[in-house]
Each structure stands twice: as structure tokens, then as C-alpha cells.
Amino acid sequence: MNEHHDLGRFDPRRKPKLQSRDWDARIQLADWALQKPLDSFAFTDESWVEIGGSRGRQKITRPRGSNPYDYVVPFYQPVFSLMLSTCIMMGYKGRLFIWEQETKEERIENMLELEKENKVKRERIVEKRRKALVPGTEEFTELEAKNLSIREHNRIKDPKAPRKMPHWPEWEFGEEIPTRSAGEGFDWFMYHKEVLHPLVYPLLAKVQEEKGKDIWLIEDNAGNHTQAARIDAKEAERYGIKRIPHKDSPVEGLPCWPANPPDINAIEQIWRYLKDRLARYSRPNGQSRSEIERFKRIIREEWDTMPQEIIDRHCRKFHINLQKLKENGGKNNFNA
């Protein structure tokens, strides 16, 4: 019947169909990124790995005409799940972070750490605003330049146009004082603390120094990424890190990372490769701490021994997929 009706069997898609505004954003990204070398991009993301569960739909070989129920393959629910996060790029493989839900004690410790960071920010804001009143300081010069521009605007503006108000120190030099959500997931704070600062920023800074050129960090538009990028902007600037902007934080002259882009994010295929490797291992014997630690060691060993060529192969596809999506009008069905 399938052949008669020109039908075929395909894996279902899990991401929603893109809207026309998404097509345009993807084309803008492609036009910009295709002008840059492949080794200018670093990909980072998280992925859940289900330990002990059945991996995809299994196919079996059986005699034609035989009863398929004589060859039943059991489906296993995962015994436990772990979240992984890392960063990859051409020629480089970042260290792997394995996240587990915080204990009550860890969450309290992290809340105290965040409050300490916020205290430093508040003190820095007060000090900068104090310096903005002192001639000769960097803050005073910066504020004077803004107000000089405002005075010049007011001098030459149309008489009917409203005047701009001068800037005062208490309006300037602010920083976001963040809080954590009540949830217990992998939020912006954990991403900032466990991934960006110890793993991603040092790697990108090292590569930029070795290559002598900018490296662009690619993150998807997940809430923990967008919030961490906004809160961490000054820290990233100190490292010289450049990001492809998220769609809710556009930057003039740069494309935004579009919605639902797993078809062009190189790290997605690396997760698939790693999960296929992990599916070869026998199911864990329960959810004991020793079994969880055993599989964490297995995951790290598989990651550490993954050939760099595997990563480079999928990084090279970034430009190929961008070219395909351009030819397809920005749509994500070029691999259909």
C-alpha cells in the first residue's frame, strides 16, 4: 500500500514547523556566518542522557512470513537520567560537565555564593557612581561624554522636538542583581558557575590567543543561556568572548541565533553519537550512588576517547547546512 500511494517510513520530527519570520532570521544568520571561517565558531549546549533505557526504535531480522510476536524486543524505561554540557569546535573538545540536581545543602551554599557576588556588584555600582562626580576619573569622563552629546542634540534639534534630559550618576553604571528561580533545574546560575566560567570561557580565550582571531560562541535560546549571557556580559567581555546574540537580545549589525535550530547546531549530532555509544553498555543495577558514579565514569571515558575527527566532521557540516537552508528559503526541511 505504501508503494502504491508513494508513501515511506521516516523518523518523526519533534521540533515545530518554522514560521516565515524564522526563515528570514535563519537566512540572515547564514549570510553572515558563511563569510567567516569554520574554525571561528564554538558550539555549546546541554542534553539529557537516559541511562538504561531503550535507545530509539530497534530493528530485528526474522524469517519472512514468521510471527513477529515470536521476536518481541522489550522496551526498557531508563533507570536514571543525567544532564551533560560541554563546548566543541574545529580542532578542540571541551571538558564535559555532568549535572545532577542540587542537594538541599548545595542549593543553600550556591544561594550564599550568589548573594556574595551580588554584594560585590552593589559595592561596585556605588563606587562607580561616586567616581562619576570626581573630575579626571574614567566614570566622570564617560558621563561627561554622554551629556555633551545630549547638549549638542538639544542645541541643533527641531524646536518642536522634545529635549533630552541630562544623565545623572544615579542613573548610570547599573548592573543586574540576579536571583535564582524557585525551581530545581539547571538554571542560569548553574550554567554560569559550572559551564561558562570553568569550561567555556577559558577554552575560548585560549583558542583566540592561539589563533589570533575572534571566536563566536553559539548557544541556543534556552532561558538559562539567555539569562546567563545577559548577567555575565561584563565577565565575557573581560575574556574577550563574542556571542552570536540570542533572539531576545538583538545587537545591531549582527544576526541572532534563530528559534529551533538543532538542524544547524553541530553539537546536536555529537550528543547523538555519544548516546549511541552509551547504549552499548548493560543496564545499571538500580539507582544507587555507586551505579550513578560508575556510569558517570563511563560517560567521561567515552567523551575523553571520542576522536576529534568525529567532532570536526560535524563542525564542517555547519557551513554545508547553512548553504542548504539558504537554498531552501530558510526552512528546516532540507534533510526531509
Side-chain angles (χ1 to χ4, degrees), residues 44-53 76-88 93-126 175-205 217 219-236 238-239 241 246 267 271 274-275 278 281-304:
T44 184
D45 199 10
E46 298 84 50
S47 183
W48 283 103
V49 57
E50 297 180 333
I51 305 299
Y76 295 105
Q77 294 292 339
V79 180
F80 53 84
S81 299
L82 297 167
M83 178 177 278
L84 314 181
S85 184
T86 192
C87 179
I88 62 166
K93 176 174 57 175
R95 287 190 292 120
L96 187 70
F97 172 66
I98 304 177
W99 177 78
E100 293 182 76
Q101 186 174 316
E102 298 163 271
T103 64
K104 183 178 179 180
E105 292 75 18
E106 288 171 337
R107 188 162 181 87
I108 292 172
E109 182 181 339
N110 285 328
M111 292 295 283
L112 292 173
E113 182 178 334
L114 177 59
E115 182 50 42
K116 184 178 178 180
E117 290 180 9
N118 285 341
K119 181 182 178 183
V120 171
K121 284 187 177 182
R122 292 187 188 98
E123 292 172 350
R124 185 164 59 225
I125 292 168
V126 170
E175 296 183 43
E176 183 173 351
I177 306 298
T179 59
R180 295 191 70 184
S181 64
E184 298 178 343
F186 189 69
D187 64 359
W188 74 267
F189 178 81
M190 296 305 295
Y191 179 57
H192 138 104
K193 176 186 176 182
E194 302 289 359
V195 178
L196 288 179
H197 283 227
L199 305 183
V200 176
Y201 289 169
L203 173 63
L204 268 59
L217 177 60
E219 305 162 304
D220 66 22
N221 292 293
N224 61 334
H225 296 165
T226 58
Q227 190 174 2
R230 189 178 67 248
I231 293 167
D232 228 24
K234 292 187 182 298
E235 184 68 19
R238 280 193 282 272
Y239 273 100
I241 303 301
H246 301 106
I267 203 170
W271 292 137
L274 180 60
K275 291 174 184 179
L278 295 173
Y281 291 87
S282 58
R283 281 168 60 82
N285 185 23
Q287 301 180 3
S288 67
R289 172 48 51 185
S290 61
E291 280 296 271
I292 292 173
E293 291 300 326
R294 182 171 73 88
F295 265 87
K296 287 169 69 174
R297 289 193 296 271
I298 289 172
I299 292 170
R300 287 196 175 94
E301 182 178 347
E302 286 290 346
W303 177 255
D304 292 342

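Note that the coordinates shown come from a computational prediction; the quantities given were computed from them, not determined experimentally.
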- Can you find a side-chain donor-acceptor pair between N221 and H246 that sits under 3.5 Å?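 Short answer, no.
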- For E175, what residues pass the side chain to side chain contact (heavy atoms under 4.5 Å, CB included) criterion, not counting sequence neighbours?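 So E175 forms a side chain to side chain contact (heavy atoms under 4.5 Å, CB included) with K121, R124, I125, K234.
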- Item | Derivation of the side chain to side chain contact (heavy atoms under 4.5 Å, CB included) call for N110 and I108 | CA-CA 5 Å; N110 285 328; I108 292 172; over 6 Å; no
- Task: Could you list the residues that satisfy salt bridge (Lys or Arg N to Asp or Glu O under 4.0 Å) with E113, not counting sequence neighbours?
- Result: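 Salt bridge (Lys or Arg N to Asp or Glu O under 4.0 Å) list for E113, sorted by chain: K193.
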- Task: Sequence neighbours left out, what passes salt bridge (Lys or Arg N to Asp or Glu O under 4.0 Å) with E293? Give chain and number order.
- Result: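 For E293 the salt bridge (Lys or Arg N to Asp or Glu O under 4.0 Å) partners, ignoring immediate neighbours, are R289, K296.
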I'd like to check [X] versus [Y] (side-chain heavy atoms, cut-off strictly below 4.5 Å). Are they in contact?
X: H197; Y: D232; result: yes
X: I292; Y: F80; result: yes
X: V200; Y: C87; result: yes
X: R294; Y: Y281; result: no

- Query: So which of I88, D220, L84 actually passes side chain to side chain contact (heavy atoms under 4.5 Å, CB included) with D45?
  - Reply: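 It is D220, the one option of I88, D220, L84 that forms the side chain to side chain contact (heavy atoms under 4.5 Å, CB included) with D45.
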Distance-only, no hydrogens or angles: does the [X] side chain make a donor-acceptor pair with backbone N or O of [Y] under 3.5 Å?
X: T86; Y: R95; result: yes
X: Q287; Y: V79; result: yes
X: E106; Y: T103; result: yes
X: W303; Y: G94; result: yes
X: W188; Y: T179; result: yes

- Query: Can T44 and Y191 be said to form a side chain to side chain contact (heavy atoms under 4.5 Å, CB included), step by step?
  - Reply: CA-CA 11 Å; T44 184; Y191 179 57; 3.6 Å; yes
Let me confirm one number: the [atom1]-[atom2] distance from [X] to [Y], rounded to the nearest 0.5 Å.
X: Q227; Y: R180; atom1: CD; atom2: CZ; value: 10.5 Å
X: L114; Y: H192; atom1: CG; atom2: NE2; value: 7.5 Å
X: L217; Y: L204; atom1: CG; atom2: CG; value: 6.0 Å
X: L199; Y: L96; atom1: CG; atom2: CG; value: 8.5 Å
X: L196; Y: S85; atom1: CG; atom2: OG; value: 8.0 Å
X: R283; Y: F295; atom1: CZ; atom2: CZ; value: 9.5 Å

Closest non-hydrogen atom pair, [X] against [Y]:
X: E291; Y: G286; result: CB-O, 3.8 Å
X: P178; Y: I231; result: CB-CD1, 3.3 Å
X: W48; Y: S81; result: CE3-CB, 3.8 Å
X: G52; Y: P284; result: CA-CD, 3.7 Å
X: R107; Y: S181; result: NH2-O, 2.6 Å

- Message: The test is side chain to side chain contact (heavy atoms under 4.5 Å, CB included); show your working for E302 and K275 and say whether it passes.
- Response: CA-CA 10 Å; E302 286 290 346; K275 291 174 184 179; over 6 Å; no
- Task: Walk me through it: do E46 and N224 pass the test side chain to side chain contact (heavy atoms under 4.5 Å, CB included)?
- Result: CA-CA 10 Å; E46 298 84 50; N224 61 334; 3.4 Å; yes
